[in-house]
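All chains are named by letter (A, B, ...) in the order of the sequence lines, taking the proteins before the strands, and each is independently numbered beginning at 1.
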Protein chains: 2
Amino acid sequence: MTGLITKGKAVFNKETEYALRGLVYVQVQNYKGFKPGIAEIAAEIDAPPFYTGKIMQRLVKQGFLSSIKGKGGGFLFEEQKPELPLKIVIQAIEGTKTYAGCGFGLKHCDEEHPCPLHEQFAPIRNSINDLITLNTVQSLARDYHGLDNMLLGSLRR
Amino acid sequence: MTGLITKGKAVFNKETEYALRGLVYVQVQNYKGFKPGIAEIAAEIDAPPFYTGKIMQRLVKQGFLSSIKGKGGGFLFEEQKPELPLKIVIQAIEGTKTYAGCGFGLKHCDEEHPCPLHEQFAPIRNSINDLITLNTVQSLARDYHGLDNMLLGSLRR
DNA sequence: ATATTAAAAGACCTTTTTGTCTTTTAATAA
DNA sequence: TTATTAAAAGACAAAAAGGTCTTTTAATAT
Ligand code: FES
Ligand code: FES
């Protein structure tokens, strides 16, 4: 039997999660003067190493960050580049229609053609959009300042 | 090349969308005294007919609604049953952890171990949970009262 | 130059999701 | 009883997501 009672869905897909965590980790290390490599990134963000490599390479190809091959190489953000909103990354991976459509799955979503969920759902969707627009890889990396581990017990004050 | 720039992700997966729309459509028709069949449901909710059949059957097996075989048959909600919150359906299909975890994909999500998104994300997640807990198949069906088409131009007043 | 290091490219594979279709079972109608 | 109708069951398959691994390319160090 397939379908009912599966594992449970996250907000973003795995590739997006790994990409976001990877980018933030790179920026955290960059702020400390380091350029992490794939093996280190994968270990620190708890992602499959080879898959992490593939994802990081895609991000470089998209121009989100730079990489250096060979000894002493790794990944880094060019300092002159503007901050990178999470939304840009998410949409590059999941498509531009992410969190833009009707929660009920209808073709059109607007005030003229609202589904029964629209009034309650639209503000939530707007909040999500604000969240991923206002937060950047850099702002999250700054939040991690001074922490040695991204994965557990992060921002306790 | 795979991965970057895909189609775009909806809030729920397809099976969940079809299930929710199908259930609401059945309830709308029940309120009018009809018991729709698979072909009609699929057409009205804009879903693949065979897949719709499979999904409706799973929902029956889960006990969310009843079905009657043979001539004059179709799907119906037993009137004595309590209203069915969307969340129950969603979790039966997508798993109980849906919209429960960290938006950043971390293993733990609580006030003691917040990721940099937690403070902004947790209230949004709570709103989503409220939305799918408070709205039921029946409440949405009542919202559709008097409408002949679930798919376009629905609740204009 | 040569060896070493590390990312890039890309082939390949597994699992999950989504979807199709045929056969079987149960109900009703003639 | 027989034909018809419609859901149930389940095999099968295509597409997408997730993941692995090998080979190639580019940089550095000796
Ligand atoms: S029409 Fe459904 S959320 Fe806007
Ligand atoms: S810890 Fe990330 S959302 Fe709560």
Side-chain angles (χ1 to χ4, degrees), chain A residues 1-10 12-19 21-22 26 29 34-43 45-76 90 93-95 98 105, chain B residues 1-10 12-19 21-22 26 29 34-43 45-76 90 93-95 98 105:
Chain A
M1 223 259 272
T2 346
L4 285 260
I5 312 291
T6 58
K7 295 102 298 139
K9 209 189 60 167
F12 303 116
N13 63 30
K14 290 291 179 192
E15 182 173 347
T16 306
E17 277 190 6
Y18 299 155
R21 295 215 297 275
V26 168
Q29 293 305 311
F34 304 124
K35 303 187 291 285
I38 290 168
E40 175 184 342
I41 296 168
I45 69 173
D46 189 34
F50 287 116
Y51 197 24
T52 302
K54 177 181 282 188
I55 292 168
M56 294 307 298
Q57 288 160 18
R58 286 174 182 167
L59 293 168
V60 168
K61 202 185 258 179
Q62 295 281 318
F64 293 134
L65 77 172
S66 305
S67 63
I68 298 174
K69 281 182 180 179
K71 202 166 274 185
F75 295 85
L76 71 153
I90 294 164
I93 297 172
E94 305 197 352
T98 311
Chain B
M1 223 261 273
T2 345
L4 286 252
I5 313 291
T6 57
K7 297 102 298 142
K9 208 189 62 166
F12 303 116
N13 64 29
K14 289 291 179 191
E15 182 175 348
T16 305
E17 276 190 7
Y18 299 155
R21 295 214 298 273
V26 168
Q29 293 304 311
F34 303 125
K35 303 186 292 288
I38 291 166
E40 176 184 341
I41 297 168
I45 70 173
D46 191 32
F50 287 115
Y51 197 24
T52 302
K54 176 180 282 188
I55 292 169
M56 293 307 296
Q57 288 160 18
R58 285 173 182 167
L59 294 168
V60 168
K61 202 185 257 179
Q62 296 280 317
F64 293 135
L65 78 171
S66 305
S67 64
I68 299 175
K69 281 183 180 179
K71 201 166 275 182
F75 295 86
L76 71 153
I90 293 164
I93 297 172
E94 305 196 352
T98 312

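- One can place CZ of B:F50 at 14 Å from C1' of D:dA9, the figure rounded to the nearest angstrom.
- Checked against C:dT18, D:dA8, C:dG10, the side chain of B:Y51 finds its nearest nucleotide in C:dT18.
- When the nucleotides C:dA7, D:dA9, D:dT4 are ranked by their closest atom to the side chain of B:Q57, D:dA9 comes out on top.
- Listed nucleotides: D:dG18, C:dA7, C:dG19. Nearest to the side chain of A:I38: C:dA7.
- Taking atom CG of B:D46 as the reference point, atom P of C:dT18 lies 15 Å away to the nearest angstrom.
- The residue among A:T16 and A:I68 whose nearest nucleotide of DNA chain D is located toward the 5' end is A:T16.
- Taken to the nearest 0.5 Å, the CG atom of B:L59 stands 12.0 Å off from the OG atom of B:S66.
- Annotation: side chain of B:L65 is in contact with side chain of B:M56 (closest heavy-atom distance under 4.5 Å).
- Using a 4.0 Å heavy-atom distance criterion, B:G74 is classed as a sugar-phosphate-only contact.
- Side-chain nitrogen and oxygen atoms of A:S67 include at least one within less than 4.0 Å of the OP1 or OP2 phosphate oxygen of C:dA8.
- Proximity note for B:K69 (side chain, C-beta onward) versus D:dT28, D:dA6, C:dG19: the nearest is D:dA6.
- Two residues are said to be in side-chain contact when any heavy atoms from C-beta on lie closer than 4.5 Å; A:I38 and A:Q57 meet this criterion.
- Computed from coordinates, the A:R21 CZ to D:dG18 C1' distance equals 14 Å when rounded to whole Å.
- Computed from coordinates, the A:M56 CE to C:dA6 C1' distance equals 13 Å when rounded to whole Å.
- Atom NZ of A:K54 and atom C1' of D:dT24 are 16 Å apart (whole Å).
- If you check D:dG19, C:dG19, D:dG18 against the side chain of A:N13, the one that comes closest is D:dG18.
- Between B:A39 and A:K71, the residue anchored nearer the 5' end of DNA chain D, judged by the nucleotide with its closest heavy atom, is B:A39.
- Side-chain atoms of A:K14 lie closest to D:dG18 of the nucleotides D:dA9, C:dG19, D:dG18.
- When the nucleotides D:dG19, D:dA8, C:dA8 are ranked by their closest atom to the side chain of A:P48, D:dG19 comes out on top.
- Atom CG of B:L59 and atom P of D:dA7 are 14 Å apart (whole Å).
- Nearest to the side chain of A:Y18, among C:dT20, D:dA7, D:dG19, sits D:dG19.
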From CA spacing to verdict: side chain to side chain contact (heavy atoms under 4.5 Å, CB included), B:E94, B:E15 = CA-CA 9 Å; B:E94 305 196 352; B:E15 182 175 348; over 6 Å; no
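- Taking atom CZ of residue B:F75 and atom P of nucleotide C:dA26, one finds them 16 Å apart after rounding to whole Å.
- A:I55 places its CD1 atom 8 Å from the P atom of D:dG19, with the value rounded to the nearest Å.
- Within the 4.5 Å cutoff, the side chain of B:F64 has no heavy atoms near those of the B:V60 side chain.
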